[in-house]
Amino acid sequence: MDVADVSGVPPWFAEQLREEGIESLYPPQAEAVEAGVTDGESLVASVPTASGKTLVAELAMLSAVGRGGKALYIVPLRALATEKYEEFREFERHGVEVGVSTGNYEADGEWLARKDVVVATSEKVDSLVRNGAGWLDELDCVVADEVHLVDDSSRGPTLEVTLAKLRRINAALQVVALSATVGNAAELADWLDAELVDSTWRPIELRKGVHYGQALHFGDGETRELGVGRSEKPTAAIVRETLADGGSTLVFVNSRRNAEAAADRLASTTREFLDAEETARLSALAEEIRSVSDTETSESLAAAVERGAAFHHAGCSSEHRSLVEDAFRDRLIKVVAATPTLAAGVNTPSRRVVVRDWRRYSGDAGGMQPLSVLEVHQMMGRAGRPGRDPYGEALLLANSHDELEELLERYVWAEPEPVRSKLAAEPAMRTHLLATVASGFAGSRSELLAFLDRTLYATQTEETGRLERVVDETIAYLEANGFLEGWDGLSATSLGHTVSRLYLDPMSAAEIIDGLEDAAEPTAMGLYHLVSRTPDMYELYLRSGDREEYTMTAYERESEFLGPMPSEFEEGRFEDWLSALKTACMLEDWAEETDEDRIAERYGVGPGDIRGKVDTAEWLLGAAERLASELDLDCVIAIREAKKRVEHGVGEELIELVGVRGVGRKRARRLFDAGIESPATLREADKATVLAALRGREKTAESVLEAAGHRDPDMSDVRPDPDAAVDEDDEPTGDEQAQSSLGDF
Ligand code: ADP
């Protein structure tokens, strides 16, 4: 089907696609059009990775906008929101306004009302519903990307409930759900009252196989020699063979540490294939990577990149990740060793994919667990770049003949599993029941049950009475904590409304309230520990030796904790308390201006983790502040200060200075040490002193002075004051710029 023949889509879009080299629709896209996706029909599209799902979404959204409507594109991860936004922004040239909502959870995003297409994460949309964003009533088309993630116990329930709410708000809403190939696509379509496109078509042939011994064994029975040298690992041999043929390889492993180690090892293979120009470009890229942050992760990434390899995992900062993704797409980086985060949606095709680890450690199961077929197929789907490669190859690795057989059975020939709703899990129910009542979707137990009847969970559950039971237990919990009350029906208390709008897990709110109630003058440590032990904060794991260390710290600082410390004999609870303490110590280090690399080393985390924890702590402290003021507690100021310190990573005395644009934690410290202790002093400051404190960087000094409102920021004739010069070891970092984006949800 020619794109120009599709009814309902603006002519400029066909033109734009043609410019990108897209003349005709892929078969699943044509099926979607035939099913009515451009006429407002709801649709579930279950098609393999890289088969053009985005275009199906674009056709649906643009035809809705063409009819005068408004569309929302829901993504599972924040990184994807930005990526999709960049992609859709092309529409603006044709008068279609596009917005992305990643801001604070609490806002209602009224400015989005003017946009035709909005991109947001499911958490963000959920929060917009809770905060009563009026423009949601005007939606005509909602796209849910990666809808198979309803199966994910942490993120799935939010997506499920959000779709149910949006459909309640507008019964005629068009829902376009995009999914990887799953075992029960028809069931998803049934849940969403949607048409179904269930296809296995791919734009480029994908050959799946297993490497064993000295050969590749493909699913279709073909074998081909691929020799592994004496002291060589099979992955290196595969990478070498692919490179000899001018292709790149994506290697999936099961942990960050493994990703880093694999990148380092594979770099010795890739380096042999680099020409002089590539070497020069890679070394410039490595410099750019080093300038992003001063951590060990950054250094080891740069060291691998110099030699043509890289790693990619959630501990990397987002700047690192996008540098790596771009250079891999440009074929400058030849190998990326990644954890499965890369398989989730980011468009990084590669000639070959190696799924090196097909088992992963699972805390729940207490050991190694095989990955699901769905996950492995998504990784495999990254193989083959349409228009560039003749075909893609995705390989698993076997160590024995038995394992070869097992892998062929388990993954190569297997169909993906069905996705199952995880809504009945306790934290999900707590959060969503409260929000459903608070935002007016249900005013009694029976209305709640009727609402839940529109979820996938209800479509799937066979056990009669289970839903009622879970709902009753959850209502009882919410009533006991003062979030819900029921006389004639059910309603949210004022506190319950606040908790729902703040986007807190009610259990986090209960923990915070309990802790704050008997704290007249909490210390920063006390507050960091309090928010770190809520279920909304992912705690740091205890490594060997940590238990002893943090047990000591726990006793030393016992008086600071808010709420009683569990006894050492309560195994699980005490352990959790210590993990929260480790997290709190990390936040305290950050707020005491410890260098990022020291923190990374001390706690065994990457820069991305530090950011993540800092963001979450800032959000939770903001929520704690709101709860404290609602309950009229004395500790509001103490919370606000602890929050500011964690937000900027500075001591109390620097809080004002970091308020000046362009002044991060390090610059603020240097200015302070040079005697410039507040924005007011900075406004009047001697320029030579400022220049020296900012290490002689004229441009920086000018923009800082300008931001502070200095009457004459020009630095042309200023020499840094030698007496005010700072320690040369104190390397500047990209950190200072990145600070300004902290706290972005
Ligand atoms: P998915 O979301 O299914 O993983 P994408 O939507 O990212 O896949 O599409 C993968 C690639 O295919 C993109 O680079 C896109 O531009 C390209 N593409 C999509 N549809 C077509 C088409 N009809 N013809 C040619 N290329 C296409």
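Just so you know, ligand 1 is whichever comes first in the structure, and atom 1 is the first atom listed for that ligand. Index from 1, following the sequence.
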**Request:** Measure across Gly381 and Ala50 and return the closest heavy-atom pair with its distance rounded to 0.1 Å.
**Result:**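 In this case the closest contact between Gly381 and Ala50 is O-CB, 4.3 Å.
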**Atom indices of ligand 1, in the order listed, that fall short of 4.0 Å to a heavy atom of Thr54** = 2 (O), 5 (P), 6 (O), 7 (O)
What is the nearest protein non-hydrogen atom to [atom], stated with its residue, atom name and distance?
{"atom": "atom 3 (O) of ligand 1", "result": "Lys53 N, 3.0 Å"}
{"atom": "atom 4 (O) of ligand 1", "result": "Ala50 N, 2.6 Å"}
{"atom": "atom 25 (C) of ligand 1", "result": "Tyr26 OH, 3.3 Å"}
{"atom": "atom 14 (O) of ligand 1", "result": "Asn347 ND2, 3.9 Å"}
{"atom": "atom 16 (O) of ligand 1", "result": "Ile22 CD1, 3.9 Å"}

**Request:** Answer yes or no: does an N/O atom from Arg382 fall short of 3.5 Å to an N/O atom of ligand 1?
**Result:** no
**Item:** Any N/O pair Leu25/ligand 1 closer than 3.5 Å
**Value:**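 No, Leu25 has no N/O under 3.5 Å of an N/O on ligand 1.
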State plainly whether the residues [X] and [Y] are in salt-bridge range, i.e. N to O under 4.0 Å.
{"X": "Arg18", "Y": "Glu15", "result": "yes"}
{"X": "Lys422", "Y": "Asp151", "result": "yes"}
{"X": "Arg167", "Y": "Asp193", "result": "yes"}

**Request:** Establish, from distance only, whether the side-chain atoms of Glu160 and Ser421 form a donor-acceptor pair under 3.5 Å.
**Result:** yes
**Message:** Apply side-chain contact (heavy atoms from CB on, under 4.5 Å) to residues Glu278 and Leu332 and explain how you reach the verdict.
**Reply:** CA-CA 7 Å; Glu278 287 174 327; Leu332 183 58; 4.2 Å; yes
**Message:** Applying a heavy-atom cut-off of 4.0 Å, say which part of Gln29 lies close to ligand 1: side chain, backbone, both or neither.
**Reply:** side chain
**Asked** Which is it for Ser24 and ligand 1 at heavy atoms under 4.0 Å: side chain, backbone, both or neither?
**Response**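 Only the backbone of Ser24 comes within reach of ligand 1.
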**Verdict with reasoning, Leu128 to Trp135, per side-chain contact (heavy atoms from CB on, under 4.5 Å)** = CA-CA 10 Å; Leu128 289 167; Trp135 57 272; 3.7 Å; yes
**Asked** Does some non-hydrogen atom of the protein lie less than 4.0 angstrom from atom 27 (C) of ligand 1?
**Response** yes
**Item:** Verify atom 19 (C) of ligand 1: protein non-hydrogen atom under 4.0 angstrom away
**Value:**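 Protein heavy atoms within 4.0 Å of atom 19 (C) of ligand 1 - there is at least one.
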**Prompt:** Using 30° and 60° as the class limits, which term best fits the ring planes of His94 and Trp12: parallel, tilted or perpendicular?
**Reply:**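 Parallel: the ring planes of His94 and Trp12 meet at under 30°.
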